[in-house]
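Reading through the structure tokens given below for one structure.
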Amino acid sequence: MEQTLSLIKPDAVERNLIGKIVTVFEENNLTIKEIKKIHVTLEFAQKFYEMHSERPFFKDLCSYISSGPLVAIVLEGDNAIQKNRDLMGATNPSEAQEGTIRKMFAISIDKNSVHGSDSSESSKREIDLFFKQ
Ligand code: ATP
Ligand code: MG
């Protein structure tokens, strides 16, 4: 069993998509181990996304993720990290495959509705940031 961090980002929370997105996880054998709705500070967002601090979109990314409440989820299941990434689809929803969360719900590359840890190291780090501090 593996764990991964999912975020339902502010654009999806604002559009009442929490239930629809959680349903995708549950129907694909990912179990909700922890879940909470939280409005993070700009400082927290900067820490969470620190690996992107040199990217041109860093400032907008951090202000967006701290712009309204999000839902943080610890998902558990076989191959949970990769499975969640597959269910999410490509970062840019215009490139996401049919049936993926981003294809179904995302608005744009920045308002792309979900986040998922991309490795076991980032999963540990991100679960710790959201649930163990
Ligand atoms: P996430 O980390 O949110 O799960 P990801 O792993 O698919 O998404 P990353 O490359 O880690 O994508 O980028 C983090 C976030 O930064 C993306 O989800 C997206 O919102 C934003 N982002 C990435 N690339 C761009 C870009 N070229 N322009 C604007 N925003 C971007
Ligand atoms: Mg990422």
Side-chain angles (χ1 to χ4, degrees):
M1 284 294 202
E2 192 172 70
Q3 292 192 342
T4 190
L5 183 86
S6 166
L7 299 180
I8 302 178
K9 295 183 179 181
D11 70 273
V13 171
E14 188 179 73
R15 288 177 290 139
N16 278 349
L17 292 170
I18 298 169
K20 285 188 173 140
I21 293 173
V22 165
T23 297
V24 174
F25 298 142
E26 293 190 324
E27 286 182 342
N28 286 277
N29 297 318
L30 290 173
T31 299
I32 311 297
K33 293 295 286 185
E34 310 248 18
I35 185 165
K36 68 178 175 190
K37 191 175 190 180
I38 176 178
H39 189 154
V40 302
T41 62
L42 180 62
E43 292 67 32
F44 183 96
Q46 287 165 340
K47 176 136 191 69
F48 181 74
Y49 276 128
E50 66 188 6
M51 73 295 292
H52 295 310
S53 62
E54 303 302 315
R55 311 275 286 271
F57 55 82
F58 179 68
K59 195 162 172 270
D60 288 344
L61 175 62
C62 294
S63 54
Y64 161 65
I65 212 75
S66 59
S67 66
L70 56 77
V71 172
I73 305 170
V74 177
L75 294 173
E76 187 175 274
D78 288 335
N79 202 21
I81 296 169
Q82 188 58 48
K83 185 183 270 187
N84 181 39
R85 299 285 299 182
D86 292 345
L87 293 172
M88 288 162 58
T91 308
N92 189 340
S94 69
E95 294 165 10
Q97 283 188 14
E98 223 44 65
T100 61
I101 292 169
R102 282 167 167 166
K103 180 70 178 184
M104 291 189 284
F105 304 124
I107 296 171
S108 60
I109 191 166
D110 40 323
K111 294 187 173 174
N112 62 3
S113 298
V114 282
H115 160 86
S117 310
D118 61 10
S119 67
S120 79
E121 295 69 43
S122 60
S123 145
K124 282 187 196 75
R125 174 183 167 275
E126 292 172 0
I127 290 171
D128 189 65
L129 265 176
F130 270 95
F131 287 97
K132 304 200 170 127
Q133 298 194 2

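In this text, all values refer to a predicted model and were calculated from it rather than measured experimentally. Note that ligands are numbered from 1 as they come in the structure, with each ligand's atoms numbered from 1 the same way.
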**Prompt:** Any non-hydrogen atom of Met88 lying under 4.0 Å from ligand 1?
**Reply:** yes

The closest protein heavy-atom partner of atom 5 (P) of ligand 1 is Thr91 OG1, 3.6 Å

Within the 4.0 Å heavy-atom cut-off, what Ile109 brings close to ligand 1 is both

Taken to the nearest 0.5 Å, the spacing of Ile8 CD1 from Phe25 CZ works out to 6.0 Å

For atom 26 (C) of ligand 1, the closest protein heavy atom turns out to be Phe57 CD2, 3.5 Å

For Lys9, the ligand 1 atoms with a heavy-atom partner under 4.0 Å come out as 3 (O), 18 (O), 20 (O)

Atoms of ligand 1 under 4.0 Å from any heavy atom of Tyr49, numbered from 1 in the order shown, are 3 (O)

In this structure, atom 2 (O) of ligand 1 is nearest to the protein heavy atom His115 ND1, 3.0 Å

Value for CD (Glu126) from OG (Ser6), rounded to nearest 0.5 Å, stands at 10.5 Å

When distances are taken from atom 8 (O) of ligand 1, the protein heavy atom at minimum range is Arg102 NH2, 3.3 Å

Within 4.0 Å of some non-hydrogen atom of Asn112, the atoms of ligand 1 are 17 (C), 18 (O), 19 (C), 20 (O)

for atom 9 (P) of ligand 1, nearest protein heavy atom and its distance come out as His52 NE2, 3.7 Å

Sequence neighbours excluded, the answer for ring pair (Phe, Tyr, Trp, His ring centres under 6.0 Å) partners of Phe48 is His115, Phe130

Enumerate donor-acceptor pairs with a distance under 3.5 Å from any side-chain N or O in residues 70-83 to protein atoms, sequence neighbours excluded.
| residue | atom | partner | partner atom | Å |
| --- | --- | --- | --- | --- |
| Glu76 | OE1 | Gln3 | NE2 | 2.8 |
| Gln82 | NE2 | Asp86 | OD1 | 2.8 |
| Lys83 | NZ | Asn28 | O | 2.9 |

Against ligand 1, does Tyr64 come closer than 4.0 Å with any heavy atom? no

Separation between CE (Met88) and CD1 (Ile21), nearest 0.5 Å, reads 10.5 Å

Of all protein heavy atoms, the one nearest atom 6 (O) of ligand 1 is Arg85 NH1, 3.0 Å

- Message: Between Arg125 and Glu50, does any side-chain N to carboxylate O distance fall below 4.0 Å?
- Response: yes

Inset, instruction - Would you please determine whether Leu61 falls within less than 4.0 Å of ligand 1 on a heavy-atom basis? - result: yes

d(Asp110 CG, Asp11 CG) to nearest 0.5 Å is 8.5 Å

Is it true that the side chains of Ser119 and Ser122 contain a donor and an acceptor less than 3.5 Å apart? yes

Rounded to the nearest 0.5 Å, the CZ atom of Phe131 sits from the CD atom of Glu34 at a distance of 5.5 Å

Here the atoms of ligand 1 under 4.0 Å from any heavy atom belonging to Gly116 are 4 (O)

